[in-house]
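See structure below.
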Protein chains: 2
Amino acid sequence: MKKVERRGLAGDAADRIRDAILDGTFLPGAALREVELAATLGIGRGAVREALASLEHEGLVQSEWHRGTRVTDVTPEVAEEVYTLRATIERLASTLAAQRATPAELAELDDVVDRMAAAVESGADAVDLLALDIEFHDRVYRAARHRRLSEAWLALRSSVRLCQLTRIRLGRAGYRGLVVDEHRELVELLRGTASKRLARVAEEHVLGAMTALTKDLTPEPEVQQS
Amino acid sequence: MKKVERRGLAGDAADRIRDAILDGTFLPGAALREVELAATLGIGRGAVREALASLEHEGLVQSEWHRGTRVTDVTPEVAEEVYTLRATIERLASTLAAQRATPAELAELDDVVDRMAAAVESGADAVDLLALDIEFHDRVYRAARHRRLSEAWLALRSSVRLCQLTRIRLGRAGYRGLVVDEHRELVELLRGTASKRLARVAEEHVLGAMTALTKDLTPEPEVQQS
DNA sequence: GCTCCTCCTAATGTCGACATTCGGACAAGT
DNA sequence: ACTTGTCCGAATGTCGACATTAGGAGGAGC
């Protein structure tokens with residue numbers, strides 16, 4: 001059995017607010033007022049404060065002394081920071097996962113990739129594909145069995161989603177079929193013993209995503225003029 | 001001019017508590033009671049709560065639902081997690097610093113290494129050497145100019161100090177002269193363009209420290225018997 | 001003697017009230 | 001016209017009181 005996780009209101013509140021940010025209820029740059037959120041969620045301001053502190057630690061929001069909290073807006077610079085850091089961490093996660101993953105965990109990774117392939121085949125939504133992508137990497141980190149590393153991923157994960165979602169929102173996006181192949185290659189390498197190559201591919205997998213992302217996020221040259 | 005940093009009580013409280021943990025006022029495993037701390041520091045419980053949340057994010061303390069917060073105790077497992085993660089992050093930091101460091105920053109690194117050498121020469125305290133070691137790496141991260149990466153280091157730094165300090169407290173320790181040479185090599189590589197070699201050396205620099213650390217932290221086989 | 005149940009205590013979780021701070025609007029001075 | 005000073009509204013920062021919970025002490029039942 002898996003132990004039940006008991007959390008306070010702050011944890012729930014953080015989840016709600018995070019979801020609201022990720023599904024576009026709060027757009028980048030929007031102000032998150034404590035009293036307002038407290039009223040909306042039906043909880044006290046203390047819990048909201050704690051939740052916002054969590055989200056700040058995840059990089060989803062930024063707050064300044066006595067100036068409130070607002071949703072981080074996704075600039076190419078932010079995307080570059082998030083993805084370079086993620087690439088580095090992913091390198092370690094893959095290496096560890098290759099050493100420690102059980103056959104069952106590897107099989108589950110296969111399953112996720114199959115579901116991704118099916119989703120691409122049936123022309124599924126880009127958001128659904130993104131969810132599968134993230135699930136894949138969640139499982140890799142779990143297989144790595146490294147508490148602090150998993151926490152680092154949890155902190156980055158929200159930012160990764162936010163980056164990809166704004167990209168999708170911009171209409172660019174287009175999850176190519178390439179994604180499926182890349183993940184399938186990763187699973188194969190996790191099964192093998194070519195740790196050097198695995199580390200390189202895992203890192204490049206993320207950096208490749210970054211390249212596509214920053215390019216799409218860079219605002220097109222304005223034609224309009226004042 | 002450098003902008004003044006305005007923080008609330010929580011920030012100050014976090015610093016005080018962190019220092020208290022690092023200088024041994026609160027030993028690993030000790031309970032940190034909110035009311036007690038609030039009374040000691042002369043502030044409200046809210047601020048203390050916020051401070052403890054920060055420290056938990058740094059990995060210095062752990063808290064459970066309705067069971068309070070206690071100082072993380074340094075096991076070889078913790079040390080291994082902290083140092084493997086640090087090695088990975090340091091690899092990126094060094095690579096970026098090599099690309100972005102100004103000549104002034106590199107000169108300051110030289111200065112730190114010189115001070116380390118002088119300290120070793122004059123048989124200084126292990127704690128002082130540790131401070132210089134950390135200052136060196138602080139500067140590397142600053143030169144890397146990567147906000148999220150720096151934050152990741154800030155979060156790990158306290159744990160690194162805690163690990164090293166308990167090691168010193170155990171009497172093992174003994175900062176060897178080797179440390180000076182290693183840092184001097186790092187600066188040279190930062191000046192050069194051999195980025196692959198730099199990445200490897202930076203990573204191994206940390207992993208080497210880990211090996212010494214985990215060995216010293218592993219409790220000696222008990223002779224006593226029940 | 002062992003288990004289970006009930007209470008009790010000490011701590012954390014939660015909340016709303018009050019204090020502090022920011023930034024803009026507006027007016028006065030140069 | 002530009003700067004400077006003051007006021008004001010709205011938000012966050014801070015605090016103590018109250019609600020809830022965990023874990024142990026103690027007794028009843030077997």
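The figures here come from the full heavy-atom set of this structure, side chains too, leaving out hydrogens, waters and symmetry mates. Chain identifiers are assigned alphabetically (A, B, ...) following the order of the sequence lines, protein sequences preceding nucleic acid strands; residue numbering begins at 1 within each chain. Given the structure is predicted, the values throughout are model-derived calculations rather than measurements.
Rounded to whole angstrom, the span from the CZ atom of B:R70 across to the C1' atom of C:dA11 amounts to 12 Å. In this entry the distance linking CZ of B:R33 with P of C:dT12 reads 7 Å, nearest Å. Protein atom CZ of A:R7 is 17 Å distant from nucleotide atom C1' of C:dT12, rounded to whole Å. Here C:dT12 presents its C1' atom at 14 Å from CD of B:E36, a figure rounded to the nearest Å. A straight line from CD of A:E50 to P of D:dG13 spans 14 Å, rounded to a whole angstrom. Protein atom CG of B:L41 is 13 Å distant from nucleotide atom P of D:dT14, rounded to whole Å. D:dT14 atom P lies 15 Å from atom CD of B:E34, rounded to whole Å.
B:R49 has a carboxylate O that lies under 4.0 Å from a charged side-chain N of A:E50, or vice versa, which qualifies the two as a salt bridge.
Ring geometry, A:H183 versus A:F136: the interplanar angle exceeds 60°, so the pair is classed perpendicular (tilted spans 30 to 60°).
Side-chain contact annotation: A:S158 with A:E58, donor-acceptor N/O pair under 3.5 Å present.
For the OP1/OP2 pair of D:dG13 and a distance below 4.0 Å, the side-chain nitrogens and oxygens of B:R6 include no atom meeting the criterion.
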Residue pair B:L32, B:R70: steps toward the side chain to side chain contact (heavy atoms under 4.5 Å, CB included) verdict: CA-CA 5 Å; B:L32 300 176; B:R70 31 189 72 245; 6.0 Å; no
Before you tell me yes or no, could you show the steps for B:R86 and B:W153 under side chain to side chain contact (heavy atoms under 4.5 Å, CB included), namely the whole-Å CA-CA distance, both residues' side-chain angles and the distance that decides it to 0.1 Å? CA-CA 8 Å; B:R86 182 188 163 193; B:W153 163 238; 3.6 Å; yes
Take B:L92 and B:L96, measure what side chain to side chain contact (heavy atoms under 4.5 Å, CB included) needs, and give me the verdict at the end. CA-CA 6 Å; B:L92 175 58; B:L96 288 176; 4.0 Å; yes
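Heavy atoms of B:L52 sit nowhere under 4.0 angstrom from any nucleic acid atom.
Under the 3.5 Å distance criterion, the side-chain polar atoms of A:D133 are left unmatched by any main-chain donor or acceptor of A:E135. Although no hydrogens or angles enter the test, the distance criterion places a donor-acceptor pair under 3.5 Å between the side chain of B:E81 and the main chain of A:R147. Using modelled atom types, one side-chain atom of A:T40 and one backbone atom of A:E36 make a donor-acceptor pair closer than 3.5 Å.
The stretch residues 53-69 of chain B comes close to DNA chain C through B:W65, B:H66, B:G68, each having a heavy atom under 4.0 Å from the strand.
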Nucleotide N/O to protein N/O under 3.5 Å, stretch nucleotides 15-18 of chain D:
{"unit_1": "D:dC15", "atom_1": "OP2", "unit_2": "B:G44", "atom_2": "N", "d": "2.6"}
{"unit_1": "D:dC15", "atom_1": "O5'", "unit_2": "B:G44", "atom_2": "N", "d": "3.4"}

